[in-house]
Amino acid sequence: MPSKGTLVLGVIGADIHNIGITILASALTDAGFKVVSLGILVSQEEFVKAAVETAADAILVSSLCGHGELDCPGLRDKCMEAGLENIVLYAGGNLVVGKKDWEPVARKFVAMGYDRAYPPGTTPHRVIDDLTADLSARAEERA
């Protein structure tokens, strides 16, 4: 079965929580995606380098410690500088410190250039459905 797309996945910044990306990587692989998991403690530059090297269709950034708000700004710009203008960019997990209403958090990440932002507890099935739709839409835009 051909791959549905190549994905770069990792935990950004000084975060060492890997259970979420391990579960997500397994589910995405089972769904037919080629997953390049960078693991924990991943810098923005490492995400971009891996995406360029693998001709990735999407980058999925995870943060559980709540520092996503600090670690995630600027990734879209780095992608564009590397020629990845059309890459799908997702962020998910505990992206901010403390309990906050999700909608303003999601809007903040979309304003940073992420296509989607997911709250804690999001199921892999939702990510798979969204990726399938977003990658299909990007393919149609390029055609």
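The structure presented is a predicted model; accordingly, all values stated were derived computationally and were not measured. Because only heavy atoms are used, hydrogens play no part in the values below, and waters and symmetry mates are left out as well, while side chains stay in.
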Within the side chain of Lys4, is there an N or O that forms a donor-acceptor pair under 3.5 Å with the backbone of Ala31?
yes
Could you tell me whether a side-chain N or O of Thr6 sits under 3.5 Å from a main-chain N or O of Ala56, the two making a donor and an acceptor?
no
Can you name the closest pair of heavy atoms from [X] and [Y] and give their distance?
X: Leu75; Y: Gln44; value: N-OE1, 3.4 Å
X: Phe109; Y: Ala91; value: CD2-CB, 4.0 Å
X: Ala27; Y: Ile128; value: O-CD1, 3.7 Å
X: Asp71; Y: Gly13; value: OD2-CA, 3.6 Å
X: Glu46; Y: Leu41; value: OE1-O, 3.6 Å
X: Glu85; Y: Met80; value: OE2-O, 3.6 Å

Measuring from [X]:[atom1] to [Y]:[atom2], what's the distance to the nearest 0.5 Å?
X: Cys72; Y: Leu89; atom1: SG; atom2: CG; answer: 8.0 Å
X: Leu135; Y: Leu7; atom1: CG; atom2: CG; answer: 7.0 Å
X: Leu28; Y: Ser37; atom1: CG; atom2: OG; answer: 10.0 Å

Go through the steps for Asp115 and Arg76 under the test side chain to side chain contact (heavy atoms under 4.5 Å, CB included), then give the verdict.
CA-CA 10 Å; Asp115 294 285; Arg76 173 62 72 189; 2.9 Å; yes
Under the criterion side chain to side chain contact (heavy atoms under 4.5 Å, CB included), I'd like the reasoning laid out for Tyr90 against Val127: C-alpha separation, chi angles, the key distance, then a yes or no.
CA-CA 9 Å; Tyr90 288 0; Val127 177; 4.3 Å; yes
Would you list the atom pairs, donor with acceptor, under 3.5 Å between side chains in residues 14-25 and any protein atom, with sequence neighbours excluded?
unit_1, atom_1, unit_2, atom_2, d
Asp15, OD1, His17, N, 3.0
Asp15, OD1, His17, ND1, 2.5
Asp15, OD2, Leu64, N, 2.5
Asp15, OD2, Cys65, N, 2.8
Thr22, OG1, Asn18, O, 2.7

[X] with [Y], same ILVMFWY side-chain cluster at under 4.5 Å:
X: Met112; Y: Leu84; answer: yes
X: Val42; Y: Ile87; answer: yes
X: Phe33; Y: Val36; answer: no
X: Leu70; Y: Phe47; answer: no
X: Val88; Y: Val52; answer: no

With sequence neighbours left out, which residue pairs that include part of residues 87-108 fulfil the salt bridge (Lys or Arg N to Asp or Glu O under 4.0 Å) condition?
Glu69-Lys108
All N/O donor-acceptor pairs, side-chain side in residues 117-125, below 3.5 Å, sequence neighbours left out:
unit_1, atom_1, unit_2, atom_2, d
Tyr118, OH, Asp130, OD2, 2.7
Thr122, OG1, Pro119, O, 2.7
Thr123, OG1, Arg126, N, 3.2

Stepwise side chain to side chain contact (heavy atoms under 4.5 Å, CB included) test for Ile59 and Cys79
CA-CA 10 Å; Ile59 297 174; Cys79 288; 3.8 Å; yes
With a 4.0 Å cut-off, would you call Asp57 and Lys34 a salt bridge?
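A salt bridge is absent here (no side-chain N lies under 4.0 Å from a carboxylate O).
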